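A short worksheet on the structure shown next.
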Amino acid sequence: MSGERYNPRESEPKWQKIWDERQSFVTANDDPREPYYVLEMFPYPSGRIHMGHVRNYAMGDVVARYHRAKGKNVLHPMGWDAFGLPAENAAIERKTHPGTWTYSNIEAMKKQLKSMGLSIDWTREIATCSPDYYRHQQAMFIDMLEAGLVTRKSSKVNWDPVDMTVLANEQVIDGKGWRSGAPVEQRELTQWFFKISDFAEDLLEALDGLTEWPEKVRTMQRNWIGRSEGLRLLFEMVPSDKTDTASIEVFTTRPDTIFGASFVGLSPDHRLTTELAEANPALAAFVAECHSHGTATETLEKAEKQGFDTGLRVKHPVIEGETLPVYVANFILMDYGTGAIFGCPAHDQRDLDLARKYGLLVKPVVLPQGEDPASFAVGTEAYTDAGTIFNSGFLDGLSIDEAKRQIADYFAARAVDNRPQGKVEVNYRLRDWGISRQRYWGCPIPVIHCEVCGTIPVPKKDLPVVLPEDVSFDKPGNALDHHPTWKHVACPQCGAPARRETDTMDTFVDSSWYFARFTAPQAETPTIPGVANRWLPVDQYIGGVEHAILHLLYSRFFTRAMKATGHVGMDEPFKGLFTQGMVTHETYKGEDGAWVPPTDVVLEATGDARTARHISTGAPIQIGSVEKMSKSKKNVVDPDEIVGSYGADTARWFMLSDSPPERDVQWTEAGVEGASRFQQRVWRLVHDVVAQGDNEGVSTSAEALAVRRATHRAADGVARDIEGLRFNRAVAQIYELTNALAKARDAGAADIVSAMREGVRTLIQLISPMMPHLAETCWQVLGESGLVADAPWPEVDPALLVDDEVTMPIQINGKRRAEIAVAKGMAPAEVEGRVLGLEPVQKALEGRTPKKIVVVPDRIVNIVV
RNA sequence: GCGGGCGUGGUGAAACUGGUAGACACAAGGGACUUAAAAUCCCUCGGCUAUGCCGUGCGGGUUCGAUUCCCGCCGCCCGCACCA
């Protein structure tokens, strides 16, 4: 028997079938055990899984299987993020319906995922493109609309000219569409928005409570929300025949520098700018110039500060009799603050650049410590650090913070335009989430536009608003809008002919609540609040860091919106978040400079030198850098091929070994071979131990005790490491136990049989979350009843975790010179006495008298001479 | 520019609250078994001018003791980037 080899190709489908038949991983909502919800980010059904999926789902499965073994009622579902543009592109290319393409991809990927042996409750599977799913999304949209969480407004939007759709700010990266990579244009469109900015403060503050999230993600969200505290301040206009505008409102975070103000700046998109430009062709040309640069170029940073003097002047708010020029400047954003600023060149680099260019006043009002107020001057670099206010009348001598407080009070008490001149205000960078997309393959926005009644929600009894099946993608743009009849509908209020909204929702809406739908995937309502509240928040969510802002911030908002509309009872969707690293691979290039896939490369190593040549031509191949697996660099490894040749367990094991899960892992052929070898070692070890028979008696020999200690230490350590998601260390501990057991087996002491039995049984249990198929097979070989998937996690005997003797290193002046074995917990004085008598210590001391002896019980002795 | 993270053998990495640096694995080298190979097993594996000395990016500091804490550099990665 042990001469044979373990055959995963035969074993793995067998166990998958058995788990299926026994419904081993189907979760009941009314199970009384403690609930535990583990979720990996659901995939887009592109058609094939990749190694990143294998790593992600292997990690989640370890967590799920471990908590099952710990007696929890584990929810571990899977679904499909199934709406989105690729399906429409495929429809155009293949002349198929997006749904046909999507569902066949789902079938293919589901088969692949099943071949991984994941402990998923497939009865809860959902696809966001199914009317069974999106009807509830439409119902919630209406609830949120009625609760005032949704708004429709006209605004400048990011328009992707390739995808012919609108993008949210979060989806524009370096001025380009996140999917198409095309330079984004600005267009004015009427859009539906979720009012995420209403939650800005809460979303920001609640980040502090997400202690099981990576600090990095929390920081990114903090920056994205971008809170800044400042003052809204009115500048009174010096009357002019150019405009009737009586004042300009600016936003500033540095009101303490008001005495250093030398101009007021307007955004090219400011209402006053637009008004003035109508009568001023030169200004209109300047604005047009700003726009031409504004969006297309990524070199905004380098763009020179440019201004246009409007000729208008405003009164200096604190210096009697002085006035300031009003400039339009290219660097002032319309959609932050009020679209207008006051410039204090001495203490703001952008203002300084403008001031130097147009010869405006540069007056320092913050004095750095140690500088002389008479001689301190600002050259080409603005001073933005701490200091004492000077040159500032009644603010002189104050700190920046104190000056901010006093000037805010000062302006609050004065009036301009019958309003307080100044008002403390908090601003956020976060803007409302525009969700309208001019696409067919998305969730229809359930509203009807009636010329009489206006824009009204579709009555809930008429939901879902289903996408029409008979669509054509012959024309670019929105196929839903092009459909001959779909949008024509009677107004549900007055019955007059009306028009359906033809925009669909951003697919990030779909993924903002799927985790809640999993808790009751067949419910007639979006959620069953009692059930959802029992499962949520997700205990452990695992996915890629690329979703740190978009998906995770939207989901946090949506959960709050669902709470406000009574669908769930909590604010936060994900209690624990883990972001795993990417899967990388070496790259290879042929002599012609073309990328060569790893399957065509033969690697050779002699000593430190590694060379490569082509598998069929034998031509030399250049070994390139290690990169994220990508089709363009041809350095992808197909999970199907790995599972087909080595088995799922090997792939899973390798994905979990070696590299810490949050870091990138490099896929190597050698690493896979190693994982596969280990699989065979375990299989042999189990058979060998079984061949030794079993005796019930517990031996107290030192050898048996050593085996039992190794076993219990591993069981304890692996549990801790899995709980801390340190899979690479859990793997190392399993190796250690395996080595210890193999050694004991080879030593062949007769009275350790039962200890060995316990050892391998425990080993199999420790392995089972990572290599579940091998574990089931070995479990059977061991003659255990039932499935290891149903077996409880091994009990750890705390008495076996502690040694009664410890080896303490002895240092002399911090350098290790000797060691001593003493009883655990020995008093420092006694240790000291023993140590000084040791021969190597005496020798190292060379007759010197110790100045001081530090004894840290059970750890170390340090003798200072 | 701002924010965050990371620098440890040939490689991926361990090292708990400051306490024996390199666990575990990969690669490499040597050996056993074999007609031979594969598989398997055993040994070596940070460096050096080796009874000892040096060594966790570099330079300082705190400490009996620093990969770990503090200060200053250097390098790499990620995120944000005219946000007033």
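In this text the structure is predicted, and so the values were computed from the model without any measurement. Below, read A as the first sequence line, B as the second, and so on, with proteins coming before strands; counting in each chain starts at 1.
- A close approach under 4.0 Å does not occur between any side-chain nitrogen or oxygen of Asn728(A) and OP1 or OP2 of rA23(B).
- Taking the ring centre of Trp224(A) as origin, the terminal cationic atom of Arg429(A) falls inside the region bounded by 6.0 Å and 45° from the ring axis.
- One atom, CD of Glu586(A), and another, P of rU11(B), lie 13 Å apart when rounded to the nearest Å.
- No engagement by Gln666(A) is indicated, since no non-hydrogen atom pair under 4.0 Å with the nucleic acid exists.
- Nucleic acid contact class of Ser657(A) (heavy atoms, under 4.0 Å, all strands): none.
- The pair Arg222(A)-Asp208(A) counts as a salt bridge, with a side-chain nitrogen and a carboxylate oxygen less than 4.0 angstrom apart.
- The gap from the P atom of rU11(B) to that of rU56(B) amounts to 16 Å, rounded to the nearest Å.
- Taking atom P on both rG57(B) and rG7(B), the two are 8 Å apart, rounded to the nearest angstrom.
- Only the P atoms considered, rC82(B) is 50 Å distant from rA21(B), to the nearest whole Å.
- Both Pro809(A) and Val731(A) lie near RNA chain B, and the one whose nearest nucleotide falls closer to the 5' end is Pro809(A).
- In this structure, rC48(B) and rG52(B) make a Watson-Crick or G-U wobble pair, each of the two defining distances being under 3.5 angstrom.
- Rounded to an integer number of Å, the gap from CZ of Arg677(A) to P of rA25(B) is 11 Å.
- When the P atom is used for both rA25(B) and rG46(B), the distance is 15 Å, rounded to whole Å.
- Closest contact between the side chain of Arg859(A) and the listed nucleotides rG79(B), rG19(B), rA23(B) involves rG19(B).
- With rA84(B), rA81(B), rC26(B) as the choices, the nucleotide that has an atom nearest any side-chain atom of Trp224(A) turns out to be rA81(B).
- The distance from atom CD of Gln733(A) to atom C1' of rA25(B) is 14 Å, rounded to the nearest whole Å.
- Side-chain atoms of Lys305(A) and base atoms of rC82(B) include a donor and an acceptor less than 3.5 Å apart.
- In this structure, the nucleotide among rG79(B), rA84(B), rC80(B) sitting nearest to the side chain of Ile341(A) is rA84(B).
- A salt bridge does not link Glu249(A) with Lys423(A): none of the charged nitrogens is closer than 4.0 Å to a carboxylate oxygen.
- For the OP1/OP2 pair of rC64(B) and a distance below 4.0 Å, the side-chain nitrogens and oxygens of Lys852(A) include at least one atom meeting the criterion.
- Contact annotation: Thr219(A) does not reach the phosphate of rG79(B) (side-chain N/O to OP1 or OP2, under 4.0 Å).
- Applying the 4.0 Å criterion to OP1 and OP2 of rA25(B), one finds that Tyr735(A) has every side-chain N and O outside that range.
- Within the shown strands, rG79(B) is the pairing partner of rC2(B) under the Watson-Crick or G-U definition, both distances less than 3.5 Å.
- Pairing for rG7(B) is with rC74(B), a Watson-Crick or G-U wobble pair whose two hydrogen-bonding atom distances lie under 3.5 Å.
- Comparing rG12(B), rA23(B), rA39(B) against the side chain of Arg5(A) picks out rA39(B) as the nearest.
- Pair assignment for rU40(B): rA32(B), on the basis of Watson-Crick or G-U wobble contacts that are both within less than 3.5 Å.
- rG55(B) and rG22(B) are spaced 11 Å apart, taking the C1' atom of each and rounding to whole Å.
- Residue-level contact check: Arg222(A) touches neither bases nor backbone, having no heavy atom under 4.0 Å from any strand.
- Across the interface with RNA chain B, nearest-nucleotide mapping of Glu662(A) and Ala675(A) shows Glu662(A) to be the residue nearer the 5′ end.
- Among the heavy atoms of the strands, none lies under 4.0 Å from Asn427(A).
- Candidate nucleotides rC24(B), rA13(B), rA84(B) were compared by shortest atom distance to the side chain of Leu333(A), and rA84(B) ranks first.
- In the set rA84(B), rU20(B), rC41(B), rA84(B) carries the atom at the smallest distance from any side-chain atom of Tyr336(A).
- Distance check on atom C1': rA13(B) versus rA81(B) gives 35 Å, rounded to whole Å.
- With rA25(B), rU20(B), rG19(B) as the choices, the nucleotide that has an atom nearest any side-chain atom of Asn739(A) turns out to be rA25(B).
- Phe342(A) places its CZ atom 13 Å from the P atom of rA84(B), with the value rounded to the nearest Å.
- Picking from rC80(B), rG79(B), rG19(B) the nucleotide with the shortest atom distance to the side chain of Met220(A) gives rG79(B).
- Of the listed nucleotides (rC78(B), rA25(B), rA84(B)), rC78(B) has the atom at the smallest distance from the side chain of Lys216(A).
- Counting any heavy atom pair closer than 4.0 Å across all strands shown, Asp351(A) reaches no nucleic acid atom.
- Residue contacts for Asn862(A): at a heavy-atom cut-off of 4.0 Å it reaches a base atom on one of the strands shown.
- Ion pairing of Glu723(A) with Arg720(A) is absent here, as no side-chain N (NZ or NE/NH1/NH2) approaches a carboxylate O to less than 4.0 Å.
- The distance between the ring centers of Trp213(A) and Phe578(A) does not fall below 6.0 angstrom.
- Nucleotides rG9(B) and rU17(B) have their C1' atoms positioned 28 Å apart, rounded to a whole Å.
- If you take CE on Met59(A) and CG on Leu725(A), they are separated by 8.5 Å, rounding to the nearest 0.5 Å.
- Within the 4.0 angstrom heavy-atom criterion, base atoms lie near Ile332(A).
- In this structure, Gln306(A) atom CD and rC82(B) atom P are separated by 16 Å, rounded to whole Å.
- Put simply, CG on Asn223(A) is 13 Å from P on rG79(B), counting in whole angstrom units.
- Between Arg254(A) and Asp348(A) no salt bridge is recorded (no basic side-chain N to carboxylate O distance below 4.0 Å).
- Taking the six-membered ring for Trp, Phe308(A) and Tyr327(A) have ring centres at least 6.0 Å apart.
- Spacing of P atoms, rU67(B) relative to rG19(B), comes out at 10 Å, to the nearest Å.
- Atom-to-atom, CD of Glu673(A) to P of rA38(B) comes out at 13 Å; the value is rounded to the nearest Å.
- OP1 or OP2 of rC77(B) has not a single side-chain nitrogen or oxygen of Arg663(A) nearer than 4.0 Å.
- Of the side-chain N and O atoms in Arg684(A), one or more sit less than 4.0 angstrom from OP1 or OP2 of rC41(B).
- Classification of Arg834(A) and Glu832(A) as a salt-bridged pair fails, no side-chain N sitting under 4.0 Å from a carboxylate O.
- Separating the CG atom of Asp858(A) from the C1' atom of rU20(B) is a distance of 15 Å, rounded to the nearest angstrom.
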